[in-house]
Amino acid sequence: MMSTKAFTLVPAVEREQLMGDRERVSLECVECCGRNLYVGTSDCFVYRFLLEEKTVPGGSTTFTATKQLHRHLGFKKPVNELRAASALHRLLVLCDSSITLVHMLSLEPVPSGARIKGATAFALNENPVSGDPFCVEVCIISVKRRTIQVFLVYEDRVQIVREVSTPEQPLAVAVDGHFLCLALTTQYIILNYSTGVAQDLFPFCSEEKRPIVKRIGRQEFLLAGPGGLGMFATVAGISQRAPVRWSENVVGAAVCFPYVIALDSEFITVHSMLDQQQKQTLPFKEGHILQDFEGRVIVATSKGVYVLVPLPLEKQIQDLLASRRVEEALILAKGARRNIPKEKFQVMYRRILQQAGFIQFAQLQFLEAKELFRSGQLDVRELISLYPFLLPTSSSFTRSHPPLHEFADLNQLTQGDQEKVAKCKRFLMSYLNEVRSTEVANGYKEDIDTALLKLYTEADHDSLLDLLVTENFCLLTDSAAWLEKHKKYFALGLLYHYNHQDAAAVQLWVSIVNGDIHDSTRSDLYEYIVDFLTYSLDPDLVWHYADWVLQKNPEVGVQVFTKRPVDEQQSRFNPDDIISCLKKYPQALVKYLEHLVTDRRLQKEEYHTHLAVLYLDEVLQQRPSANGKEAEVTETQVKLRRLLQKSDLYRVHFLLDRIRGAGLPMESAILHGKLERHEEALHILVHELADFPAAEDYCLWRSEGRDPPARQRLFHLLLAMYLGPGPSAPQLAVAAVDLLNRHAAEFDAARVLQLLPGTWSVQLLCPFLTGAVRDSVHARRTTQVAVGLAKSENLIYKYDKGGKEICPSPGPWSCPCLGDWSCYYGSVPAFSIYWKMLRARHRALFCRKTGERHIWSQPCWRGHGFEPWSGKVPHAVEQLSPCATTTEPAL
């Protein structure tokens with residue numbers, strides 16, 4: 001148990017002032033009301049003193065008691081109790097089993113002689129229930145056995161209002177409202193004298209110790225319990241506080257929040273109501289009276305009166321903090337809330353939390369320190385100022401006065417222990433990172449972010465870059481010098497960029513890549529510079545470093561132009577200027593032209609022709625290492641062919657002249673195709689390259705998007721080339737068969753049959769012939785449907801012009817003898833409504849045979865019709881309704 005100085009014992013009335021040289025006279029009771037101190041003695045005198053409190057320059061308190069008068073009560077018995085009723089200007093005096101009312105100043109008995117007889121002890125009700133401001137409620141223990149009486153005391157009269165019986169003889173009493181707390185012979189109880197309901201508390205042996213019953217607050221009492229415990233009890237019979245442990249022979253107790261004070265024959269002990277710990281012990285022999293009067297605690301022996309003066313709570317808390325007893329200090333500070341105005345308490349409590357935080361910080365208890373700093377709303381600069389050179393040189397911060405701690409700086413706190421210094425710096429990094437985005441940082445974000453940058457730099461922490469690429473308030477001057485000192489040039493460039501000094505940033509990074517200065521932060525710094533320039537909004541900066549990035553790596557460097565946002569390319573970077581810049585870097589030029597042609601799809605002949613020429617030049621450079629037509633096709637050659645096929649903007653004749661004699665037959669075929677020289681192109685593919693799939697692909701490519709006759713001409717040209725006069729190579733015959741079987745729809749079957757050699761079997765051309773027949777039947781039936789619809793439209797036109805109903809002539813479309821095979825609209829035969837249905841298209845009809853609903857856009861014929869409307873002309877075979885027969889009428 002560590003001691004706390006909570007009270008000092010100060011003498012108030014010396015023996016000589018009370019009884020002079022009368023040895024046998026002793027002090028029996030005391031009362032204090034305002035500045036008036038009353039003392040009752042064993043020889044039936046009552047003394048009134050004027051008590052003056054003074055504070056000397058050293059901060060201690062002294063009391064001076066000036067005797068005003070004394071009065072003998074006319075009895076031969078000692079004065080047992082004194083109680084002041086300030087509202088009535090009366091002093092209640094218990095002597096010789098009688099309570100007498102005397103004037104508080106003159107000590108004269110009231111003229112009416114009003115008194116309460118037959119009382120052995122009494123207590124005032126400090127929570128009265130009568131509601132009359134001109135009386136006080138007094139509860140007495142009557143000389144009658146097991147009886148409690150309640151009186152109303154006025155200025156000059158008394159009135160009994162209640163008499164209550166108790167289970168045992170009461171020895172001590174305290175009262176709150178209707179509730180009596182009684183110490184009986186063997187137990188403590190709570191008794192509601194209004195209802196008579198009693199609540200047992202706990203046992204008590206009156207033969208072993210003196211009972212103590214003390215009202216300490218609204219509906220709460222302090223009792224001397226068994227085992228040397230000070231017990232708290234409410235009027236509900238429960239305890240809301242843990243008991244305090246005092247000595248077995250306590251004779252008096254008092255409460256001066258947040259402390260419970262106990263008196264025994266040797267000591268005065270002070271216990272906290274907050275943590276139930278004993279805080280102070282004061283030697284005090286022969287004490288027998290301990291009372292608290294309106295916050296003033298008075299203790300007395302039989303010879304003198306003393307005052308227990310509490311030290312200011314703030315002083316007590318500071319003493320605890322100075323002793324590193326943080327938990328006790330915080331508990332005491334929280335408990336002091338009820339006795340201090342709210343605004344003053346908040347200021348005081350925040351400061352205490354901050355002080356406690358620094359104590360925990362000095363003990364390297366960082367989690368506890370962080371919570372205390374947060375709760376105390378610490379100005380984080382107080383913490384930063386402990387670390388040398390972390391605050392910006394421009395900061396105007398000065399430490400709190402009086403100081404929150406006793407340390408000059410971190411070196412003094414850690415006594416030079418570098419391991420502790422490192423731990424403290426890691427804590428500050430974590431704490432600053434957490435608070436920089438909170439309200440704690442408001443008003444001094446520059447100081448926080450600058451300090452954080454310095455810490456990250458010293459520790460070579462990964463978060464340094466994160467700090468610089470996000471919103472921050474690092475001061476440029478201090479931060480730049482610190483980064484340069486620690487050779488963090490890449491981070492310095494980021495700082496310049498954040499402060500809109502991109503030219504300085506790029507120059508610094510270029511120096512790192514060139515090896516002029518060393519910084520290994522990023523191994524891909526060149527790519528980072530390219531990316532930075534790509535998204536830079538400063539065209540002068542991009543042009544200034546364009547040559548440098550292209551010299552380092554043309555294919556990567558060109559990205560400053562190709563990856564730039566399209567809208568910016570259009571507004572700030574002219575493609576012709578870029579092409580002029582890239583002429584010295586062929587690889588970069590190819591990449592850029594690919595970007596213009598493929599990605600941006602610019603429709604400009606110069607770009608397309610230029611790109612094709614560059615491709616061609618590269619292909620020609622690679623040709624010497626190739627082995628003629630058997631060589632593998634290079635990636636560039638694939639790109640060239642794709643460009644020649646897809647683009648329609650390049651100069652075909654120019655490229656054809658460049659290719660002629662270069663040994664590039666496939667490219668020549670493509671260019672001939674662009675000039676519509678299909679025979680030359682196919683001749684190259686078939687006879688020079690013998691690449692039959694390529695020849696078919698050529699036909700598909702050149703016929704794409706054209707009308708069927710054009711497609712047919714192209715495929716017939718290829719077939720004729722396969723079947724041309726002269727010795728027919730076997731592979732050409734096979735190619736011809738494959739062509740016919742794969743692309744039957746592209747040929748005129750009649751013309752093909754005239755070209756085919758008579759030696760070919762039907763089975764060989766079965767797929768072609770099957771497809772040709774199917775297509776012919778389909779075409780015929782589609783034509784029949786179209787003709788029928790045209791006739792119907794013509795008939796409707798005549799009907800509209802003639803203005804009268806036209807009865808169709810007998811025929812397959814209107815035969816009146818359809819009978820049960822006809823379709824019905826409801827119950828009307830189809831032939832009678834057919835002509836109306838041609839006018840009202842798409843109405844639903846019910847087929848009598850199947851019960852299905854049909855949408856009539858075509859007529860029904862002999863019990864079957866075309867399928868429900870599908871938005872296209874029905875196929876004669878595939879589009880029949882489920883009720884159709886297998887044959888169709890001839891139109």
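- Taken from CG in L541 to OG in S536, the straight-line distance is 4.5 Å, to the nearest 0.5 Å.
- The minimum heavy-atom distance linking Y698 with G673 is given by the pair OH-CA, 2.9 Å.
- I517 has its side chain within reach of L508: a pair of non-hydrogen atoms, C-beta onward, lies under 4.5 Å apart.
- Side-chain polar atoms of T598 and E594 form no donor-acceptor pair below 3.5 angstrom.
- Summarising the geometry, atom OG1 belonging to T634 is positioned 9.5 Å from atom NZ belonging to K639; distances are rounded to the nearest 0.5 Å.
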Item to complete: Could you walk me through whether I670 and R641 pass the side chain to side chain contact (heavy atoms under 4.5 Å, CB included) test, one step at a time?
Response: CA-CA 8 Å; I670 296 173; R641 292 176 182 178; 4.0 Å; yes
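- K591 is linked by a salt bridge (Lys or Arg N to Asp or Glu O under 4.0 Å) to nothing, counting only residues two or more places apart in sequence or in another chain.
- Here the CD1 atom belonging to I579 is positioned 5.0 Å from the CG atom belonging to L593, to the nearest 0.5 angstrom.
- Nearest heavy-atom pair across C699 and F715 is CB-CZ, 3.8 Å.
- Using a 4.5 Å heavy-atom cutoff, the side chains of L656 and L675 are in contact.
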Worksheet item: Does the side chain to side chain contact (heavy atoms under 4.5 Å, CB included) test come out yes or no for L649 and Y607, once each step is laid out?
Response: CA-CA 9 Å; L649 297 176; Y607 302 151; over 6 Å; no
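- Using a 4.5 Å heavy-atom cutoff, the side chains of Y585 and Q551 are in contact.
- Using a 4.5 Å heavy-atom cutoff, the side chains of L476 and Q501 are in contact.
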Worksheet entry | Residues L483, L464; criterion side chain to side chain contact (heavy atoms under 4.5 Å, CB included); working and verdict | CA-CA 10 Å; L483 290 170; L464 172 63; 4.1 Å; yes
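- Taking each heavy atom of L740 and V752 in turn, the nearest pair found is CD2-CG1, 3.8 Å.
- Q559 and E527 share no side-chain donor-acceptor pair at under 3.5 Å.
- Residue R702 forms a salt bridge (charged side-chain N to carboxylate O under 4.0 Å, His left out) with just one option from E676, E696, E679, and that option is E676.
- Within the 4.5 Å cutoff, side-chain heavy atoms of Y650 are placed close to those of L644.
- Listed for the D540 side chain is no donor-acceptor partner under 3.5 Å among the backbone atoms of D538.
- Just one of F532, Y489, W548 meets the ring-ring contact (aromatic ring centres under 6.0 Å, His included) condition when paired with W509; it is F532.
- A 4.5 Å side-chain heavy-atom check between L550 and K584 finds every atom pair outside the cut-off.
- Side-chain atoms of L718 and Y722, non-hydrogen and from C-beta on, do get closer than 4.5 Å to each other.
- Ion pairing between K563 and D531 fails under the 4.0 Å rule for side-chain N and carboxylate O.
- The list of salt bridge (charged side-chain N to carboxylate O under 4.0 Å, His left out) pairs with a residue in residues 498-523, not counting sequence neighbours, reads R522-D524.
- Looking at residues two or more places apart in sequence or on another chain, you find no salt bridge (Lys or Arg N to Asp or Glu O under 4.0 Å) involving D577.
- Without hydrogens or angle criteria, H608 side chain to L602 main chain gives a donor-acceptor distance under 3.5 Å.
- Within the 3.5 Å criterion, the main-chain N or O of A772 finds no donor-acceptor partner in the side chain of S776.
- Two residues are said to be in side-chain contact when any heavy atoms from C-beta on lie closer than 4.5 Å; P554 and L589 fail this criterion.
- S647 and K674 make their closest contact through O-NZ, 2.8 Å (heavy atoms, listed as atom of the first residue, atom of the second, distance).
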Practice prompt. Determine, step by step, whether I529 and V513 satisfy the side chain to side chain contact (heavy atoms under 4.5 Å, CB included) criterion, reporting the C-alpha distance in whole Å, the side-chain angles of both residues, the deciding distance to 0.1 Å, and the verdict.
Written response: CA-CA 10 Å; I529 295 173; V513 175; 3.8 Å; yes
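- In terms of heavy-atom proximity, S668 sits nearest to I684 at CB-CD1, 4.1 Å.
- D576 contributes atom CG, which lies 6.5 Å from atom CD of E606 (distance to the nearest 0.5 angstrom).
- Going from atom OH of Y545 over to atom CG of L533 covers 8.5 Å, rounded to the nearest 0.5 Å.
- Atoms CD1 and NZ, on I578 and K583 in that order, are 13.5 Å from each other to the nearest 0.5 Å.
- Heavy-atom neighbours of K552 NZ from other residues, nucleotides or ligands within 6.0 Å: above the threshold of 12.
- Closest of all the heavy-atom pairs between V530 and V560 is O-CG1, 3.6 Å.
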Discussion item. For E680 and H678: C-alpha separation, side-chain torsions, deciding distance, then whether side chain to side chain donor-acceptor pair (under 3.5 Å) applies.
Written reply: CA-CA 5 Å; E680 291 91 331; H678 303 306; over 6 Å; no
